[in-house]
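Here the structure is laid out as structure tokens; the discussion comes afterwards.
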Amino acid sequence: GDSVTQTEGPVTVSESESLIINCTYSATSIAYPNLFWYVRYPGEGLQLLLKVITAGQKGSSRGFEATYNKETTSFHLQKASVQESDSAVYYCALGYGSSGNKLIFGIGTLLSVKP
Amino acid sequence: DMKVTQMPRYLIKRMGENVLLECGQDMSHETMYWYRQDPGLGLQLIYISYDVDSNSEGDIPKGYRVSRKKREHFSLILDSAKTNQTSVYFCASSLSQGLSYEQYFGPGTRLTVL
């Protein structure tokens, strides 16, 4: 079936360290999946961090980046140097649906950045 | 300011009681969504609304119904709540159909059914 698997949290890193949150997907019934990273800061709703709709392309936002790799079915989220304000829950999502904007979400990865 | 609001933020109900969760958005978005998230699972789509009185089941609609009488409001109703409906519920909206439009989410409602 179609699914998203991501790093199970919590993930704890120190400020200024690098970060990678793994995301792999299965899109057996989706011809042209689109890939997203959403972030949820404490007390707030999910908000779009970045999206990539074409395989082979890289998306970036707020110092985060992710490359849509169709060969490895991966969309890992990376940041070279995290800040305490990056502490949040990160969700990888697979988009599909010709009749609507449907998303399949991963479970979310809680990131805690130590000062 | 683009915003999706949810009320209430926290709710405790007894099994068999009716539950009303409300969602509002100030962006005139046509499409709205209800999701739930349980521990160890990703957000799961309950219902989509494409506009006023134009609702469609998502992946897990059983035990829920929705109402959209105004474009800016979308309600989720649980008639006779069950303990397995304890969850965090998220509402979202998007400008239109299609993947190029991002979804904007509310802060969530934590529902506990005893």
Side-chain angles (χ1 to χ4, degrees), chain A residues 1-10 21 23-27 29-55 57 59 61 68 88-110, chain B residues 1-7 9-10 21 23-27 29-51 54-61 87-110:
Chain A
D2 305 316
S3 63
V4 174
T5 303
Q6 65 181 99
T7 300
E8 206 162 315
I21 299 177
C23 173
T24 57
Y25 67 89
S26 171
S29 64
I30 303 170
Y32 302 101
N34 294 232
L35 296 171
F36 302 79
W37 278 101
Y38 277 82
V39 58
R40 182 161 67 103
Y41 298 104
E44 299 182 12
L46 283 77
Q47 54 185 271
L48 181 66
L49 179 60
L50 56 87
K51 69 179 181 186
V52 180
I53 62 174
T54 304
Q57 299 295 310
S61 174
Y68 182 164
V89 181
Y90 292 82
Y91 296 86
C92 184
L94 174 66
Y96 72 102
S98 58
S99 61
N101 188 345
K102 296 188 177 181
L103 297 172
I104 297 172
F105 284 89
I107 62 172
T109 301
L110 174 61
Chain B
D1 192 22
M2 299 183 291
K3 203 169 184 179
V4 177
T5 57
Q6 291 187 235
M7 291 293 288
R9 293 292 310 279
Y10 302 90
L21 303 185
C23 175
Q25 49 98 0
D26 60 2
M27 298 167 278
H29 284 171
E30 296 97 332
T31 308
M32 297 186 74
Y33 315 75
W34 276 107
Y35 295 88
R36 64 178 278 179
Q37 184 175 23
D38 301 306
L41 294 176
L43 279 74
Q44 298 175 274
L45 181 63
I46 305 171
Y47 266 94
I48 294 180
S49 174
Y50 296 107
D51 211 328
S54 179
N55 307 317
S56 182
E57 294 181 347
D59 299 319
I60 52 164
S87 189
V88 180
Y89 291 85
F90 291 98
C91 175
S93 71
S94 65
L95 183 59
S96 183
Q97 299 179 37
L99 293 167
S100 60
Y101 298 105
E102 72 177 89
Q103 293 186 25
Y104 293 80
F105 285 80
T109 294
R110 185 175 294 275

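Chain identifiers are assigned alphabetically (A, B, ...) following the order of the sequence lines, protein sequences preceding nucleic acid strands; residue numbering begins at 1 within each chain. Every value quoted in this text rests on a predicted model; they were computed, and no experiment measured them.
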Less than 4.5 Å to any heavy atom of chain A: does that hold for the side chain of [X], its backbone, both, or neither?
X: B:Asp38; answer: neither
X: B:Gln37; answer: side chain
X: B:Leu41; answer: backbone

Steps toward side-chain contact (heavy atoms from CB on, under 4.5 Å) verdict (B:Gln103, A:Phe36): CA-CA 11 Å; B:Gln103 293 186 25; A:Phe36 302 79; over 6 Å; no
Highest number of heavy-atom pairs under 4.5 Å with chain A: which of B:Gly106, B:Gly108, B:Cys91, B:Pro39? B:Gly106
Counting distance only, does the side-chain N/O of A:Glu44 pair as donor-acceptor with the main-chain N or O of B:Phe105 below 3.5 Å? no
Look up atom [atom1] in [X] and atom [atom2] in [Y], then write down how far apart they are to the nearest 0.5 Å.
X: A:Leu50; Y: B:Glu102; atom1: CG; atom2: CD; value: 11.0 Å
X: A:Leu103; Y: B:Leu43; atom1: CG; atom2: CG; value: 9.0 Å
X: A:Lys102; Y: B:Ile48; atom1: NZ; atom2: CD1; value: 5.0 Å

Which heavy atom in B:Pro107 sits nearest to a heavy atom in A:Gly43, and how many Å separate them? CB-O, 3.8 Å
Does atom CZ of B:Arg9 have more than 12 heavy-atom neighbours from other groups under 6.0 Å away? yes
Does atom CD of A:Glu8 have more than 12 heavy-atom neighbours, drawn from other residues, nucleotides or ligands, at distances under 6.0 Å?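 No, not enclosed.
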